[in-house]
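Worksheet for the structure shown next.
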Amino acid sequence: MEHGICLLSIIPVRKEPSEKSEMVTQILFGEFYEIIDLSGNWLNIKLSFDNYEGWIDKKAHNFISIDYFNELNNSSPFITSNIVSQIHEINHNYSLSILCGSSLHFFNENEDTFRIMDKNFKLTEKTNFQKGNNQRQNIIDSAKLYLNSPYLWGGRTPFGIDCSGLTQIVFKLNGIKVPRDANQQAKTGKTVNFIENSKAGDLAFFDNDEGDIIHVGIILNKNEIIHASGKVKIDKIDHQGIFDIDEKIYTHKLRVIKNILE
């Protein structure tokens with residue numbers, strides 16, 4: 001079985017092996033995957049980061065060996081927190097813009113360099129987000145980096161992101177892995193019984209009339225939430241759900257709150 005790594009800013013992942021198929025997620029620079037099937041010019045991949053599966057165009061694929069795949073799995077990459085960062089490949093003399101949440105493997109903090117197989121990269125500027133000792137505050141600060149980012153189904157970047165993409169990337173920026181989709185994320189962590197008992201950084205999940213989890217956001221405090229709905233924004237939340245400040249209506253019905261930090 002072959003393996004690969006993303007050496008582009010992003011790779012769109014499709015539900016089916018077709019450019020016309022919906023995008024279900026995105027692979028960010030430095031994220032790697034296993035190929036589990038193929039169809040013509042399309043590869044069915046499973047991401048190592050969250051085990052998410054989908055189809056990518058073969059032209060976007062960059063091969064890595066099984067030994068290197070295992071080496072990556074056993075290492076902890078540096079995660080970029082600038083909205084956009086510039087990297088320069090030293091040996092082949094080209095530059096690339098990468099986005100917040102990208103993974104830089106075997107990063108040398110003293111020289112701002114990293115390597116991927118035979119490629120040696122240099123990060124051309126320092127990351128601008130310094131984490132403090134308060135993990136929950138770090139989660140909130142990370143989430144606010146995405147304020148006003150447009151909603152994009154399957155998106156995971158500041159230039160287009162969906163609700164569960166936001167929560168996943170925010171937690172990735174803080175060294176925590178959560179699943180890709182909201183209904184998967186809802187199965188993690190400890191249940192918080194009342195909104196009054198919630199803490200900043202807890203995840204709130206919302207369901208439809210059939211009881212299916214369809215939305216997720218990050219609790220800021222006992223009456224505010226940051227979430228991606230039309231755009232990444234801050235709205236009010238109470239025991240009923242999300243109250244849209246602009247529309248003056250409840251837009252999402254609260255199902256459960258989960259604490260995944262403790």
Side-chain angles (χ1 to χ4, degrees), residues 2-39 41-62 64 69 72-73 77 79-81 83-84 97-105 142-143 145-146 149-188 203 205-206 212-218 227-232 260:
E2 285 195 11
H3 301 79
I5 191 168
C6 177
L7 292 182
L8 302 174
S9 301
I10 59 169
I11 298 175
V13 180
R14 307 286 179 183
K15 185 176 182 179
E16 304 292 342
S18 168
E19 291 181 352
K20 296 180 179 179
S21 178
E22 68 175 295
M23 184 176 72
V24 292
T25 193
Q26 294 169 321
I27 310 175
L28 302 185
F29 180 91
E31 293 183 326
F32 50 100
Y33 51 86
E34 176 184 357
I35 299 171
I36 56 179
D37 198 3
L38 56 87
S39 177
N41 291 322
W42 291 86
L43 305 176
N44 188 200
I45 60 97
K46 181 168 73 172
L47 275 165
S48 178
F49 180 74
D50 56 12
N51 292 321
Y52 207 77
E53 297 181 14
W55 294 85
I56 67 169
D57 192 316
K58 191 175 182 180
K59 293 187 292 292
H61 169 61
N62 190 87
I64 58 174
F69 178 85
L72 293 176
N73 259 330
I79 308 301
T80 62
S81 54
I83 297 299
V84 179
S97 296
I98 60 174
L99 304 175
C100 195
S102 296
S103 302
L104 310 186
H105 300 283
S142 297
L145 291 174
Y146 290 83
S149 297
Y151 183 89
L152 175 66
W153 179 268
R156 296 173 73 220
T157 82
F159 301 104
I161 199 163
D162 63 21
C163 65
S164 57
L166 173 67
T167 51
Q168 186 189 55
I169 287 295
V170 164
F171 278 81
K172 181 184 180 183
L173 287 171
N174 290 276
I176 302 166
K177 288 186 178 183
V178 298
R180 176 60 178 88
D181 291 341
N183 62 344
Q184 298 169 332
Q185 294 175 9
K187 297 175 182 177
T188 65
L203 296 182
F205 297 91
F206 307 85
D212 300 321
I213 299 292
I214 58 168
H215 192 64
V216 61
I218 302 172
H227 66 130
S229 181
K231 63 180 180 180
V232 177
I260 67 171

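When a residue number appears, it is its place in the shown sequence, counting from 1.
- The residue from Leu152, Val84, Ile10 that alone fulfils the side-chain contact (heavy atoms from CB on, under 4.5 Å) condition with Phe159 is Val84.
- Rounding to the nearest 0.5 angstrom, the gap separating the CD1 atom in Ile98 from the OG atom in Ser9 is 8.0 Å.
- Proximity of a side-chain donor or acceptor of Ser164 to a complementary backbone N or O of Arg180 within less than 3.5 Å is detected.
- For the pair Asp50 (side chain) and Pro179 (backbone), a donor-acceptor distance under 3.5 Å is absent.
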Worksheet item: When you look at Ser142 and Lys172, which way does the side-chain hydrogen bond (donor to acceptor under 3.5 Å, both in side chains) test go after all the steps?
Response: CA-CA 10 Å; Ser142 297; Lys172 181 184 180 183; over 6 Å; no
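- Taking the centre of each ring, Phe206 and His227 stay at or above the 6.0 Å mark.
- Evaluation of the side-chain contact (heavy atoms from CB on, under 4.5 Å) rule for Tyr151 yields Trp153, Asp162, Ala228 as partners, not counting sequence neighbours.
- No donor-acceptor pair under 3.5 Å is formed between the side chain of Asp181 and the backbone N or O of Asn183.
- Between Ile218 and Phe171, the shortest heavy-atom distance links the atoms CD1-CE1, 4.5 Å.
- A side-chain donor-acceptor contact under 3.5 Å links Gln168 to the backbone of Val178.
- Distance check: Ser103 OG to Leu28 CG gives 7.5 Å after rounding to the nearest 0.5 Å.
- Checked options Ile56, Asp37, Ile36; the residue passing with Leu43 is Ile56 (criterion: side-chain contact (heavy atoms from CB on, under 4.5 Å)).
- Between Thr157 and Gln26, the side chains place no donor N or O within less than 3.5 Å of an acceptor N or O (distance only, hydrogens not considered).
- Residue Lys187 holds its NZ atom at 15.0 Å from CD1 of Ile260, rounded to the nearest 0.5 Å.
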Practice prompt. Please test Gln185 against Phe205 for side-chain contact (heavy atoms from CB on, under 4.5 Å), starting from the C-alpha separation and ending with a verdict.
Written response: CA-CA 9 Å; Gln185 294 175 9; Phe205 297 91; 3.7 Å; yes
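- The minimum heavy-atom distance between Tyr52 and Thr25, with the atom names listed, is CD2-CG2, 3.6 Å.
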Worksheet item: Going through the distances and angles, do Ser102 and Ile79 end up as a side-chain contact (heavy atoms from CB on, under 4.5 Å)?
Response: CA-CA 6 Å; Ser102 296; Ile79 308 301; over 6 Å; no
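- Put simply, the side chain of His105 gets close to the backbone of Gly30: a donor and an acceptor are under 3.5 Å apart.
- Here the side chain of Ser21 pairs no donor or acceptor atom with the backbone of Ser18 at under 3.5 angstrom.
- For the pair Arg156 and Glu31, the salt-bridge criterion is met [side-chain N within less than 4.0 Å of a carboxylate O].
- Not a single side chain to side chain donor-acceptor pair (under 3.5 Å) links Tyr146 to another residue, sequence neighbours left out.
- No side-chain heavy atom of Met23 sits under 4.5 Å from any side-chain heavy atom of Lys15.
- Interatomic distance, CG of Leu145 versus CG of Leu166, reported as 10.0 Å (0.5 Å rounding).
- A distance of 11.5 Å separates OG1 in Thr167 from CD1 in Ile176, rounded to the nearest 0.5 Å.
- The number of heavy-atom neighbours closer than 6.0 Å to CD of Glu19, taken from other residues, nucleotides and ligands shown, is 12 or below.
- Residues Tyr33 and Ile5 come closest through the heavy atom pair CE2-N, 3.7 Å.
- Scanning all heavy atoms of the two residues, the minimum distance from Val170 to Asn174 falls at O-ND2, 2.9 Å.
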Fill in: Verdict with reasoning, Ile45 to Glu34, per side-chain contact (heavy atoms from CB on, under 4.5 Å)
CA-CA 5 Å; Ile45 60 97; Glu34 176 184 357; over 6 Å; no
Practice prompt. Would you sort out whether Leu47 and Ile27 count as a side-chain contact (heavy atoms from CB on, under 4.5 Å), showing the intermediate values?
Written response: CA-CA 8 Å; Leu47 275 165; Ile27 310 175; 3.9 Å; yes
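- In this structure, Glu16 CD and Trp42 CH2 are separated by 11.0 Å, a value rounded to the nearest 0.5 Å.
- Judged purely by atom type and a 3.5 angstrom limit, Ser48 has no side-chain atom pairing as donor or acceptor with the backbone of Phe32.
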